[in-house]
S.K.: 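What follows is a single structure, and I will ask about it in a moment.
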Amino acid sequence: MIALAALRARAAGLVQSLSRDKADTLLLLAGALTVLAPHAGHLPPWVSALCAATLAWRTVITLRGTRLPPPILLLPLAMAAVGGVFLTYRTVLGRDAGVAMLVLLVAFKMLEMRARRDLFVVIFLCFFLLLTTFFYAQGIGSALMMAASIALLFGAQLSFQFTGAAPPLRRRLWLGTRVVLLAAPLAVTLFFLFPRLQGPLWGMPGDARSGRTGLSNSMAPGNMSSLALSQDTAFTVRFIDPAPPQEQLYWRGVVLGAFDGRTWVQVGAGLPPGATIDVAMRGRAVRHQVTLEPTGRHWLFVLDLPAGLPRLDGNPAAMSPEIELTAAAPIEQRMRYDAVSHPGYSLQAGVELPGAELWLALPDGFNPRALADGAALRRLGDPIRRINTVLRRFHDEAYSYTLEPPLLGRHSVDEFLYQTRAGFCEHYASAFVVLMRAAGVPARVVTGYQGGEANPVDGYLTVRQSDAHAWAEVWLAGRGWLRVDPTAAVAPERVRRGLASALPGANPFGIGGFGFDDTGSLLSQLRFRVGALNNGWNQWVLNYTPERRHGVIESIKSGALNLRTFAALAAVALLVWLAHARRARRRGDPVDALYLALCLQLGRMGLARGADEGPNAYRARLATLAQLGTSPLAAPQTQAATEFLRLYSAYRYGPRPSAAGLVATLTNLLTKFR
């Protein structure tokens with residue numbers, strides 16, 4: 001503690017010893033750093049390193065008071081940076097390349113601040129760069145960080161505006177913060193009531209999908225295991241009806257039926273012409289609301305099996321013959337929709353399956369051992385026995401569930417089934433479907449998400465990219481398509497409790513009660529509260545659509561806030577303002593109160609202060625009257641009054657000293673005058 005206090009005192013002394021120009025420049029550098037730092041996560045490392053070196057160079061120049069580098073040195077450096085951006089992105093246009101250029105421009109401009117105009121150019125560039133931060137992150141943490149950066153930049157801008165002695169740093173930062181706080185009510189009002197253009201923040205070709213993760217329309221060994229390492233949110237769900245148990249939370253996505261020996265893709269053909277989808281719903285319906293994160297793809301995820309199409313504003317939904325839900329346009333912004341699903345259903349439960357050859361096809365020349373094993377299963381007769389035989393094999397034999405399976409070659413299914421025996425969900429789903437098709441049972445792979453984490457704070461279920469999952473569907477005559485999850489035979493905890501239970505990680509602190517997996521731990525409770533806060537931000541700020549704005553306006557028009565309510569709110573606001581004004585008057589500056597008391601005393605003695613007369617002019621008049629012998633004051637009174645006015649003038653118009661000691665001195669002088 002003593003060392004920390006000494007270090008703090010030394011830093012304060014160093015700041016106080018700096019000249020006005022140096023201190024203002026360092027404040028501007030700090031503001032620019034808060035603007036540039038959030039971009040380090042998505043920019044190439046060389047851009048971040050070059051910006052850091054440039055800011056450090058400018059800091060050394062400021063502290064030492066040396067000259068700025070000449071333009072003949074900066075020009076080649078800037079040209080080399082532009083060339084580096086072009087080599088990295090193959091363009092200097094677009095979102096990512098444009099942001100990199102703007103970041104480098106702000107950093108290099110720091111080395112070219114030769115006039116007052118350049119200072120404001122840097123500040124305005126920083127304000128513009130702030131907007132680009134929301135290309136990559138729009139969470140509540142980013143919003144708070146940007147608000148702090150704006151306040152810091154305003155403080156730096158105000159510092160350059162003072163022509164005389166500048167107020168202390170704390171006061172300048174508070175002035176910048178007050179500007180932000182004063183603008184906040186107007187910004188909130190415009191946000192909720194003013195129409196806005198819809199669409200992503202950036203729409204240049206090739207930029208919209210950069211940095212996106214999620215399911216694709218194909219599946220090969222390693223696809224799902226790579227997603228399992230991502231904790232990014234895929235979507236959140238609010239259940240209107242009671243939620244099904246964890247093992248029934250299958251979020252249907254893409255159905256894959258064409259296999260080339262390694263990769264599964266969509267069949268494309270679907271049902272034959274004239275055929276219809278035979279679906280019968282059983283049991284209770286589950287109404288839920290999904291908030292889908294932007295993916296740049298068309299897929300919509302709902303609880304298996306959807307009873308109909310969700311209604312999307314401006315982006316109609318469609319359903320494929322395989323019960324895949326898609327949007328007409330790629331999902332480039334957060335989207336919320338309502339859905340109704342039935343965990344119990346019968347899908348194409350006829351005696352024959354139209355287009356059955358699509359779901360029995362296997363490529364020639366691949367996985368001969370698996371094809372032979374599947375053909376041997378035909379002897380069992382009953383398809384249920386064939387299915388259970390394969391599942392029992394996965395459960396009883398030495399198969400393992402892992403995020404790091406060995407690499408597979410040409411015969412990927414054979415190598416997995418008979419050699420490595422270690423894989424993730426896509427390995428088990430792929431091998432199971434191949435065995436079923438070889439055994440004469442129509443089968444296909446379904447990819448989506450399974451499970452999710454319920455937040456006890458706000459009641460929302462968060463489904464992350466790590467919940468990506470692959471399972472199988474088999475068709476049985478009279479029963480239709482049935483879901484079969486081979487992963488549950490190997491790692492049942494994956495389906496019952498999630499991926500973290502199937503692949504347990506070490507406690508981050510090694511102390512009970514502090515782990516992430518324990519829902520009652522301190523860290524988990526904190527994580528749930530932060531998650532609820534972020535989800536509320538997403539629901540009420542980032543997902544504030546024109547339809548919701550229209551609803552707010554209509555509620556105002558329909559009398560939700562009628563005249564009486566408005567008058568009551570206005571009266572309460574007026575009372576609060578009057579109370580604040582009264583408190584402010586009571587908390588007035590004690591130095592000003594003493595000055596007014598002196599002016600009142602002098603006025604009673606015939607020396608009232610003129611309306612346009614400041615303390616210096618007032619003191620000069622009192623001294624002149626005393627020299628001419630026409631003053632009604634005695635010499636000690638004149639001396640006390642003039643000294644009082646001198647100290648007050650220095651306090652009011654010079655650098656602000658502490659008022660504590662001055663109040664005692666002025667009180668003593670006023671007492672002498674009286």
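Keep in mind that the numbers below use all heavy atoms, side chains included, and drop hydrogens, waters and symmetry copies.
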S.K.: Quick one: are Leu73 and Leu111 in side-chain contact, heavy atoms under 4.5 Å?
M.R.: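 Contact flag for Leu73/Leu111 side chains = no.
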S.K.: With heavy-atom distances below 4.5 Å as the criterion, would you say the side chains of Thr236 and Leu461 are in contact?
M.R.: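 No, every pair of side-chain atoms sits at 4.5 Å or beyond.
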S.K.: Report yes if some heavy atom in the side chain of Trp299 is under 4.5 Å from a heavy atom in the side chain of Asn217; otherwise report no.
M.R.: yes
S.K.: What's the separation between atom CG in Leu74 and atom NZ in Lys109, rounded to the nearest 0.5 Å?
M.R.: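 Interatomic distance, Leu74 CG to Lys109 NZ, rounded to 0.5 Å: 10.0 Å.
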S.K.: Are any of the side-chain heavy atoms of Leu249 and Leu303 separated by less than 4.5 Å?
M.R.: yes
S.K.: Just by modelled atom types, is the Ala151 backbone N or O under 3.5 Å from a matching donor or acceptor in the Thr177 side chain?
M.R.: no
S.K.: Is any side-chain heavy atom of Thr25 closer than 4.5 Å to one of Met113?
M.R.: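 A side-chain contact exists here, since the closest heavy-atom pair is under 4.5 Å.
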S.K.: Out of curiosity, Leu77 CG to Phe108 CZ, how far, rounded to the nearest 0.5 Å?
M.R.: 4.0 Å
S.K.: Mark yes when over 12 heavy atoms from residues, nucleotides or ligands other than Phe120 sit less than 6.0 Å from its CZ; otherwise mark no.
M.R.: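 Above 12, so yes.
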S.K.: Is the ring pair Trp251/Phe239 parallel, tilted or perpendicular, if the boundaries are 30 and 60 degrees?
M.R.: tilted
S.K.: If you measure from CD on Gln465 to OG1 on Thr295, what distance do you get to the nearest 0.5 Å?
M.R.: 9.0 Å
S.K.: Without swapping roles, check the side chain of Gln450 against the backbone of Gln246 for a donor-acceptor pair under 3.5 Å.
M.R.: yes
S.K.: Looking at every non-hydrogen atom in both residues, tell me the closest pair between Glu112 and Asp118 and how far apart they are.
M.R.: O-OD2, 3.2 Å
S.K.: Can the ring centres of Phe235 and Tyr460 be said to be less than 6.0 Å apart?
M.R.: no
S.K.: To check you understand the geometry: which heavy-atom pair defines the closest contact between Ile150 and Phe127, and what is its length?
M.R.: CG2-CE2, 4.2 Å
S.K.: Is there a side-chain contact between His298 and Pro330 in this structure, where contact means two heavy atoms from C-beta onward sitting under 4.5 Å apart?
M.R.: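 In contact.
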S.K.: Main chain of Leu312, side chain of Asn315: is a donor-acceptor contact present, judged purely on distance under 3.5 Å?
M.R.: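 Looks like no, no N/O pair under 3.5 Å.
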S.K.: For Leu68 and Ile61, run side chain to side chain contact (heavy atoms under 4.5 Å, CB included): C-alpha distance rounded to whole Å, both residues' side-chain angles, the deciding distance at 0.1 Å, then the answer.
M.R.: CA-CA 7 Å; Leu68 293 174; Ile61 290 175; 3.9 Å; yes
S.K.: Please walk me through it: do Trp46 and Thr88 pass side chain to side chain contact (heavy atoms under 4.5 Å, CB included)?
M.R.: CA-CA 10 Å; Trp46 70 267; Thr88 302; 3.2 Å; yes
S.K.: Provide the closest heavy-atom pair for Pro38 versus Met146 in the form atom of the first, atom of the second, distance.
M.R.: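 What the structure gives for the nearest pair is CG-CE, 3.9 Å.
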S.K.: Is any side-chain heavy atom of Leu36 closer than 4.5 Å to one of Leu129?
M.R.: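 Yes, their side chains come closer than 4.5 Å.
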S.K.: For the residue pair Arg58 / Thr54, report whether a side-chain donor-acceptor contact shorter than 3.5 Å exists.
M.R.: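 Judged by distance alone, the side chains do not pair up.
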S.K.: Begin with the C-alpha distance, continue with both residues' side-chain angles, and end with the deciding distance and a verdict on side chain to side chain contact (heavy atoms under 4.5 Å, CB included) for Leu153 and Val35.
M.R.: CA-CA 9 Å; Leu153 289 174; Val35 176; 4.0 Å; yes
S.K.: I want to check something: taking the side chain as every heavy atom from C-beta on, are Leu152 and Leu27 in contact at a cut-off of under 4.5 Å?
M.R.: yes
S.K.: Counting N and O atoms only, with roles assigned by atom type, does the side chain of His288 sit under 3.5 Å from a partner on the main chain of Arg238, one being a donor and the other an acceptor?
M.R.: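 It does not hold such a pair.
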S.K.: Can you tell me how far CG of Leu33 sits from CG of Leu28, rounded to the nearest 0.5 angstrom?
M.R.: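 So the CG of Leu28 and the CG of Leu33 are separated by 11.0 Å.
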S.K.: Taking atom types as modelled and ignoring hydrogens, do the side chains of Gln289 and Asp338 form a donor-acceptor contact shorter than 3.5 angstrom?
M.R.: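 Their side chains do contain a donor-acceptor pair, which is all the 3.5 Å distance test asks for.
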S.K.: To check you understand the geometry: which heavy-atom pair defines the closest contact between Cys425 and Ala468, and what is its length?
M.R.: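 Cys425 and Ala468 have their closest heavy atoms at SG-O, 4.3 Å.
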S.K.: For side chain to side chain contact (heavy atoms under 4.5 Å, CB included), just list the numbers for His39 and Ser48, CA-CA rounded to whole Å, side-chain angles, deciding distance to a tenth of an Å, and then say yes or no.
M.R.: CA-CA 8 Å; His39 290 281; Ser48 300; over 6 Å; no
S.K.: Between Leu300 and Pro310, what is the shortest heavy-atom contact and its length?
M.R.: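 So the two residues come closest at CD1-CG, 4.2 Å.
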S.K.: Please round to the nearest 0.5 Å and tell me the distance separating atom CH2 of Trp57 and atom OG1 of Thr62.
M.R.: 12.5 Å
S.K.: Check salt bridge (charged side-chain N to carboxylate O under 4.0 Å, His left out) between Arg287 and all other residues, then give those that pass, not counting sequence neighbours.
M.R.: Asp241
S.K.: Could you grab the distance from atom CD of Gln157 to atom CD1 of Ile123, nearest 0.5 Å is fine?
M.R.: 5.0 Å
S.K.: Please report the closest heavy-atom contact between Ser149 and Thr34, naming both atoms and the distance.
M.R.: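 Where Ser149 meets Thr34 most closely, the heavy atoms are OG-OG1, 3.3 Å.
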